[in-house]
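Along the sequence shown, residues carry numbers from 1.
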Amino acid sequence: MLATLLEFLREKHRTTPMWLKVLIPVLGVGSLGVVAVMGAFLAFVVTAWLGQPIPVLGFDQSVEQPIAFPHTIHAGMGVYTNSTGDQIQGLGMDCTFCHRTVTSQANAGVPPVQFCAYCHQVIGGEESEPLTQVRTAAGIIGDSPHPIDWKRVHRMPDHVRFVHEPHIRYLTQNPDKVTNSTSGETIGAAGVCSTCHGDVASMEEVAQVEPLKMGQCVNCHRENEAPTDCASCHH
């Protein structure tokens, strides 16, 4: 039986065209490549659907802002290095100092350039490139004042309605429900923002740390006895 099989294989080897001998392994390797690519694509889609996409090909969770704004120096409490290499003591500013509508409206609010310039027209050296950009935008330097086009980091779908005020109010009244606060601070608006935004005070460049998917929101509402009907969050 074995001799017959070997004779059959030798005959096939003699009669099979060379192009077919080359094509068969190429197709085999190509098929494995297609399977690998499809598997990687499927893994990317599944992770992006259930949580945050894998940080490849630009799908990371941070956004490069038009002007480098160090939350570490403004909101942090440690000693940090600024853009010119100097050691700066963190100011420990409350989030609501800049995001003033977070406790009363749906939107957290982004300060206008004049708000930034109120301090930085006198604070900070002239050699700082980010501060030069702020002062130029505010019209302190040059004669072309313009708003700063800050890039949005945390984004919900257009059909989702998220109102900051009730969430801030509830977490402020229930500090034991606050999560992600690596500093341990859970008091006041600045202490509860970490639940959804992470410890922003420790971020040199703000990134999204929570998936903020529907399942996460629904589970949080259930755990805290908040409404889960569709109209609560959807238009």
Side-chain angles (χ1 to χ4, degrees), residues 40-66 69-72 74-76 94-111 148-235:
F41 177 75
L42 182 61
F44 178 85
V45 171
V46 170
T47 54
W49 179 264
L50 298 177
Q52 297 182 9
I54 301 173
V56 296
L57 301 176
F59 288 96
D60 51 9
Q61 302 305 312
S62 61
V63 177
E64 184 177 353
Q65 299 292 348
F69 179 88
H71 278 81
T72 48
H74 290 81
D94 191 278
C95 300
T96 56
F97 184 81
C98 294
H99 304 286
R100 297 200 162 190
T101 60
V102 69
T103 59
S104 59
Q105 299 179 23
N107 196 309
V110 176
I148 301 173
D149 186 21
W150 299 111
K151 304 300 181 183
R152 191 169 184 172
V153 177
H154 301 82
R155 181 177 296 277
M156 293 285 191
D158 291 340
H159 63 278
V160 175
R161 177 177 61 246
F162 181 86
V163 181
H164 278 80
E165 184 275 326
H167 294 84
I168 295 294
R169 172 163 37 87
Y170 175 81
L171 290 173
T172 300
Q173 296 171 353
N174 299 271
D176 59 307
K177 302 295 184 180
V178 177
T179 60
N180 295 331
S181 180
T182 57
S183 65
E185 180 62 49
T186 58
I187 305 300
V192 305
C193 296
S194 62
T195 299
C196 293
H197 293 287
D199 190 15
V200 174
S202 66
M203 300 181 189
E204 190 69 34
E205 187 176 78
V206 177
Q208 182 175 324
V209 299
E210 292 291 334
L212 303 181
K213 299 297 175 100
M214 180 175 175
Q216 182 185 14
C217 297
V218 171
N219 289 337
C220 184
H221 274 221
R222 287 172 177 165
E223 292 171 1
N224 293 283
E225 299 182 351
T228 57
D229 58 286
C230 301
S232 297
C233 301
H234 295 286
H235 294 282

CE (Met214) with more than 12 external heavy atoms under 6.0 Å: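 12 or below, so no.
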
Any side-chain heavy atom of Pro66 sitting closer than 4.5 Å to one from Trp150?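 Of all side-chain heavy-atom pairs linking Trp150 with Pro66, at least one is under 4.5 Å.
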
Please check this pair: side chain of [X] against backbone of [Y], looking for a donor-acceptor N/O pair closer than 3.5 Å.
X: Thr195; Y: Val178; answer: no
X: Gln65; Y: Lys151; answer: yes
X: Arg161; Y: Ala231; answer: yes
X: Asn174; Y: Asp176; answer: no
X: Thr72; Y: Ala201; answer: no
X: Ser194; Y: Thr179; answer: yes

When rounded to the nearest 0.5 angstrom, what is the spacing between [atom1] in [X] and [atom2] in [Y]?
X: Asp94; Y: Cys193; atom1: CG; atom2: SG; value: 8.0 Å
X: His167; Y: Thr172; atom1: NE2; atom2: OG1; value: 12.5 Å
X: Cys95; Y: His71; atom1: SG; atom2: NE2; value: 7.5 Å

Sorted by first residue and then second, give each ring pair (Phe, Tyr, Trp, His ring centres under 6.0 Å) pair with at least one member in residues 193-224; sequence neighbours left out.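 Residue pairs passing ring pair (Phe, Tyr, Trp, His ring centres under 6.0 Å), neighbours aside: His154-His197.
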
On a heavy-atom basis, which atom in Thr228 and which in Arg222 lie closest, and how many Å separate them?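 What the structure gives for the nearest pair is CG2-CG, 3.9 Å.
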
Contact list for residues 162-173, test salt bridge (charged side-chain N to carboxylate O under 4.0 Å, His left out), sequence neighbours left out: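 Pairs touching residues 162-173 that pass the test: Glu165-Arg169.
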
Which residues pass the ring-ring contact (aromatic ring centres under 6.0 Å, His included) test with Tyr170, sequence neighbours left out?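 Checked Tyr170 against ring-ring contact (aromatic ring centres under 6.0 Å, His included); zero matches.
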
Hey, what's the ring geometry for His159 with His234, parallel, tilted or perpendicular (30° and 60° as the breaks)?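 Parallel: the ring planes of His159 and His234 meet at under 30°.
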
